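Just below is one structure, and these are the notes that go with it.
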Amino acid sequence: QVQLVESGGGSVQAGGSLRLSCVSSGHTYSRYCMGWFRQAPGKEREAVARLYSGGGATDYADSVKGRFTISQDNAINTLFLQMNSLKPEDTAMYYCATEGPVYSNFCLRQDNYRYWGQGTQVTVSS
């Protein structure tokens, strides 16, 4: 069974940085997508950044392009989200999720991933 555990959230002032981590276990697919999603109070969940294991293609929400970077370290089964130049509107619960096995990078445009972590809170103050 796939398990995802996020960490790295916290409170930061606008303009600051945070790095989120997501450690995965039970993940044996050779082709999969992993991503970071967020949900603010009263808003729908949205995809922030997604990564396809086959070649490392990525997809970012327009609102975070140039500020956030998704990456992974397969040696330690960890997905990262480096968040720079944070804004108050980035405040949300951030979730790590994964979908697999997949057979193309179409998962970069999907939101209904099968496995989810418990989330980590990010709060950005102005």
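These numbers were taken from a predicted model, which means no experiment stands behind them.
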- Item | Worked verdict on T69 versus F80 for side chain to side chain contact (heavy atoms under 4.5 Å, CB included) | CA-CA 8 Å; T69 302; F80 300 102; over 6 Å; no
- Message: With side chain to side chain contact (heavy atoms under 4.5 Å, CB included) as the criterion, how do S17 and Q82 come out once you've worked through the C-alpha distance, each side chain's angles and the decisive distance to 0.1 Å?
- Response: CA-CA 8 Å; S17 298; Q82 179 66 44; 4.0 Å; yes
- Item | Backbone of S125 reached by a side-chain donor or acceptor of Q13 within 3.5 Å | no
- Message: Distance check, rounded to the nearest 0.5 Å: E46 atom CD versus E44 atom CD?
- Response: 10.0 Å
- Nearest heavy-atom pair of R38 and S63: which atoms, and what distance? NH2-OG, 3.4 Å
- Check Q121 against T123 and note the closest heavy-atom contact, atom names and distance. NE2-OG1, 3.4 Å
- Task: Determine the minimum heavy-atom distance between F37 and A97, stating which atoms define it.
- Result: CE1-CB, 3.8 Å
- Message: For A14 versus P88, what's the shortest heavy-atom pair and its separation?
- Response: CB-CD, 4.1 Å
- Message: Running the 4.5 Å side-chain criterion over Ile, Leu, Val, Met, Phe, Trp and Tyr, what cluster does L81 land in, apart from itself?
- Response: V2, L4, V12, L18, L20, Y29, Y32, M34, W36, V48, L51, Y60, V64, F68, I70, L79, M83, L86, Y94, Y115, V122, V124
- Task: Verify side chain to side chain contact (heavy atoms under 4.5 Å, CB included) between R50 and C33, making sure each step is shown before the conclusion.
- Result: CA-CA 7 Å; R50 290 166 283 196; C33 266; 5.5 Å; no
- Mind listing the closest non-hydrogen atom pair of Y113 and W116 along with its distance? O-NE1, 2.7 Å
- Atom CD of Q72 and atom SG of C22: how far apart are they, to the nearest 0.5 Å? 10.5 Å
- Message: Assess whether a salt bridge exists between K87 and D90, defined as any Lys/Arg side-chain N lying under 4.0 Å from an Asp/Glu carboxylate O.
- Response: no
- Is NZ or CZ of R31 both nearer than 6.0 Å to the six-membered ring centre of Y103 and within 45° of the ring axis? no
- Contact summary for A40 and A92, nearest pair of heavy atoms: N-CB, 3.9 Å
- Query: Side chains of N77 and S24: do they bring a donor and an acceptor to under 3.5 Å?
  - Reply: no
- Note on the structure: In this structure, OG of S104 is separated from CZ of R109 (nearest 0.5 Å) by 7.5 Å
